[in-house]
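Read the structure below first, then the notes.
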Amino acid sequence: MNIAISNSSDKPIYQQLFEQISAQILKGELPSGYSLPPIRQAALELRISVITVKKAWEELERCGLIHTVTGKGCFVAEFSPDEMLRIRDETVSKQMAIDAAYYQSFGLTLDEVVELMKKVYPD
Amino acid sequence: MYNLLMKDLKLGVNPMFLVMPLLMGALMLVPGWIYFIVVMYFFWITIPNIFAQFRAQNDLLFTTMMPVTKPDMVKARMSVIVILEILHIGTAMIYGLFTIRLYPDLTYYFFAPHLGFWGLCFIMVAIFNLFLFPMYYKTAYKYGPAQMTAIAAAVVFAVIAQWVGIQSSYVSDLFNGSGADNAAIQTSILAAGIVIFVASTWIAYRISVARFQRVEIQ
Amino acid sequence: MLALDVRNLTKVYPNFQLRDVSFQLEKGYIMGFIGANGAGKTTTIKSILNMLHLDGGEVRILGKNMAEHELELKQEIGFAFGGIDFYTRSKMKTLTDVMKRFYTHWNDDTYYSYLSRFKLDENKKIVELSTGMRVKYSLALALSHGAKLLILDEPTSGLDPVARDDLLDIFQELVVDGEISILFSTHITSDLEKCADFITFIENGRIIHSSEKEEFKESYRLLNGSEDQLNQVKDRLISFKKNSFGFTGLIRSQDFDPSSGIKAATPSLEEIMIYFAKMEAAHV
């Protein structure tokens with residue numbers, strides 16, 4: 001599991017954690033059954049507060065990406081390829097909704113956004 | 001309370017002050033002197049130094065942080081001072097024995113160091129304690145005024161006692177004359193002095209505790 | 001379980017008062033207690049430790065009333081006002097020997113393991129220790145008597161950035177088992193951005209806000225806009241600064257309408273403190 005926290009980012013730290021871990025799960029880099037480090041241990045390693053890690057883990061659980069076994073810890077959930085796609089789309093849509101609001105504030109139409117996106121999207 | 005006492009003796013009281021009684025007591029060997037002064041050196045030198053040390057080392061905050069009660073804090077601090085007082089009077093008494101043997105033919109103008117005189121010394125220290133501690137524990141911090149008042153009270157007592165001792169032939173006879181050889185009289189004056197000392201230190205303790213309870217630790 | 005439960009503390013001085021101060025710290029977490037100098041941090045801490053006579057309110061530590069169980073609780077609390085500043089001419093060894101007798105759960109092994117971990121030489125005199133080492137020494141003392149709650153008044157002030165970072169690392173290590181809780185006051189808010197779980201903010205003797213850190217920051221918005229926009233929101237701002245390009249101001253999130261088009265960001269702890277102080281100054 002790779003995590004890089006930026007303190008200068010505008011994004012709250014728990015959000016960064018959530019995004020990075022969920023991406024790794026959805027890309028299959030973290031296989032199902034992978035055991036996440038205990039919350040307090042992770043907080044210590046990452047030098048962030050306990051609550052921050054807790055929030056990120058809770059968010060991952062809410063999205064169905066991990067599950068908690070009482071007394072044992074948190075594990076990456078098992079899901080079928082279909083489910084994985086669904087969760088991936090959900091997660092991406094959430095971010096898109098935020099970005100869409102930003103594009104709208106400039107008065108861009110959907111086509112214009114798609115055009116621009118095509119230009120900047122790396123192959 | 002024992003731990004607090006050890007704390008004061010190990011950290012707060014410079015070992016020098018435990019040697020002081022031996023040095024100051026030696027002043028008893030000055031023939032025919034005003035021997036009240038020997039005990040007073042304790043008030044003038046040891047007391048201010050010890051209190052200054054406690055304040056400079058931030059002792060009040062230090063002690064408050066530990067699991068101890070306020071009455072125990074007062075009890076320990078007073079015990080330290082009382083131990084030193086007894087040490088001072090005790091060693092002076094021993095030197096006094098030598099004084100009497102060394103100068104057998106001396107005519108004493110002031111009180112001679114017989115047992116009865118030490119009874120008066122205990123009363124003087126009793127008065128000192130009665131003023132010092134209750135005044136000090138109003139703040140547990142400012143020792144100057146408490147110490148000045150206590151010294152003044154002790155001096156007033158000593159002056160009056162000595163004056164009466166010279167003026168009144170009865171008193172003079174009691175302490176320096178024929179009474180000096182009467183062991184019963186001498187011992188009972190000493191005993192009375194010690195009783196007054198204990199009682200007044202106890203009263204001082206009670207008032208000090210009551211006042212210290214109201215003190216806020218800043 | 002609550003490690004610390006402060007309820008409605010009130011303390012009246014002629015020219016300052018602590019009004020209705022309440023906050024709670026859950027066991028196993030770190031709480032930063034922030035506020036400008038003179039806002040009431042030290043008075044609050046001294047009230048918690050039963051050093052002052054309260055005009056109202058109650059302090060509960062590890063479930064017990066502090067006023068009633070002071071001696072018992074002091075066995076389980078460690079505290080430090082800055083670094084250790086007592087009997088500075090004595091050796092650490094001497095001071096420790098005196099202090100350990102007061103604690104029933106004192107553990108020499110723990111003590112020596114912390115000394116070596118903090119690289120403290122017990123034959124040194126207190127006066128020879130740097131500020132950071134003094135704080136570490138008081139932590140070693142507290143931890144060796146088995147303190148479950150650490151109350152630290154300005155432990156990081158006067159430390160250089162390296163020593164501060166080191167100390168914050170230690171704080172995090174201490175809470176890792178979830179047994180020890182830490183309340184520490186500071187006016188250096190960058191200390192808290194990383195390691196604190198909860199923030200309690202005091203200003204002029206009143207608790208402005210006490211909550212989980214992100215929630216704390218997100219309950220305010222820092223606005224940036226033109227002078228026209230300022231007029232729209234002026235009366236709802238906590239305070240603001242004006243310059244020739246426009247204004248910057250702090251507002252409670254609930255008072256802010258995101259559709260207003262004013263540029264808004266999540267403020268840092270420092271910004272929150274500054275704008276509240278500005279508001280207080282304007283009211284005086």
Side-chain angles (χ1 to χ4, degrees), chain B residues 1-18 48-77 79-80 83 136-143 208-218, chain C residues 11-13 42-43 45-55 66-67 69-106 125-127 134 138 141-142 145-147 150-153:
Chain B
M1 151 60 198
Y2 171 76
N3 288 333
L4 275 174
L5 188 65
M6 291 318 287
K7 185 217 85 185
D8 275 2
L9 290 177
K10 274 191 176 174
L11 293 175
V13 179
N14 191 312
M16 178 182 83
F17 293 119
L18 299 174
N49 275 298
I50 287 187
F51 278 83
Q53 169 77 354
F54 282 129
R55 183 154 94 175
Q57 300 300 345
N58 217 350
D59 179 81
L60 183 59
L61 190 58
F62 175 73
T63 314
T64 311
M65 283 169 51
M66 289 188 289
V68 289
T69 62
K70 279 183 160 181
D72 271 352
M73 285 167 72
V74 177
K75 204 187 280 174
R77 178 59 41 84
S79 302
V80 171
I83 288 172
Y136 173 66
Y137 277 108
K138 271 183 186 169
T139 60
Y141 181 74
K142 287 187 196 158
Y143 62 89
S208 300
V209 168
R211 289 187 173 169
F212 188 40
Q213 293 283 15
R214 290 195 293 269
V215 169
E216 301 199 324
I217 316 293
Q218 296 300 342
Chain C
K11 173 75 189 170
V12 182
Y13 288 112
T42 302
T43 308
I45 287 181
K46 289 196 164 167
S47 305
I48 292 173
L49 298 170
N50 211 17
M51 289 164 78
L52 305 177
H53 298 292
L54 293 174
D55 294 306
M66 178 63 174
H69 299 90
E70 182 179 343
L71 286 200
E72 189 187 336
L73 286 172
K74 274 186 172 170
Q75 297 275 358
E76 306 195 52
I77 313 173
F79 47 107
F81 294 95
I84 210 140
D85 196 15
F86 319 103
Y87 295 105
T88 50
R89 298 278 162 190
S90 303
K91 282 180 183 174
M92 267 190 264
K93 194 179 163 60
T94 318
L95 204 55
T96 306
D97 278 344
V98 166
M99 283 186 79
K100 69 181 188 187
R101 293 164 190 276
F102 289 88
Y103 296 98
T104 46
H105 305 298
W106 180 270
K125 290 178 179 171
I126 309 296
V127 75
R134 288 186 192 200
S138 42
L141 287 172
H145 76 245
L150 300 179
I151 298 178
L152 312 167
D153 194 18

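Computed over heavy atoms, backbone and side chain alike; hydrogens, waters and symmetry mates excluded. Lettering of chains follows the sequences in order, A, B, ..., and the numbering in each one begins at 1.
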Taking all non-hydrogen atoms of both residues, which atom of [X] and which atom of [Y] are closest, and how far apart?
X	Y	result
C:Ser90	B:Leu11	OG-CD2, 3.6 Å
B:Gln57	C:Thr88	OE1-N, 3.1 Å
C:Phe86	B:Asn58	CD2-O, 3.3 Å

Heavy-atom count around C:Lys100 NZ within 6.0 Å, excluding the residue itself: above 12? yes
Crowded around B:Tyr141 OH? As in, over 12 foreign heavy atoms under 6.0 Å?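 Atom OH in B:Tyr141 is not packed in, count stays at 12 or less.
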Region of B:Val215 in contact with chain C, defined by heavy-atom distances below 4.5 Å: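 When you check distances to chain C, only backbone atoms of B:Val215 fall under 4.5 Å.
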So which of C:Glu70, C:Arg89, C:Met99 has the largest heavy-atom pair count under 4.5 angstrom toward chain B? C:Met99
Go through the atoms of C:Lys11 and report whether side chain, backbone, both or neither lie under 4.5 Å from a heavy atom of chain B. side chain
Residue-level interface, residues 46-54 of chain C with chain B, non-hydrogen cut-off under 4.5 Å: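 C:Lys46, C:Met51, C:Leu52, C:His53, listed by number.
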Against chain C, work out which of B:Met65, B:Lys7, B:Lys10 has the most heavy-atom pairs shorter than 4.5 Å and name it. B:Met65
Aromatic plane relationship, B:Phe62 with C:Tyr87 - under 30° parallel, 30 to 60° tilted, over 60° perpendicular: perpendicular
From CG (B:Asn3) to OH (C:Tyr103), nearest 0.5 Å: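 Rounded to the nearest 0.5 Å, the CG-OH separation comes to 11.0 Å.
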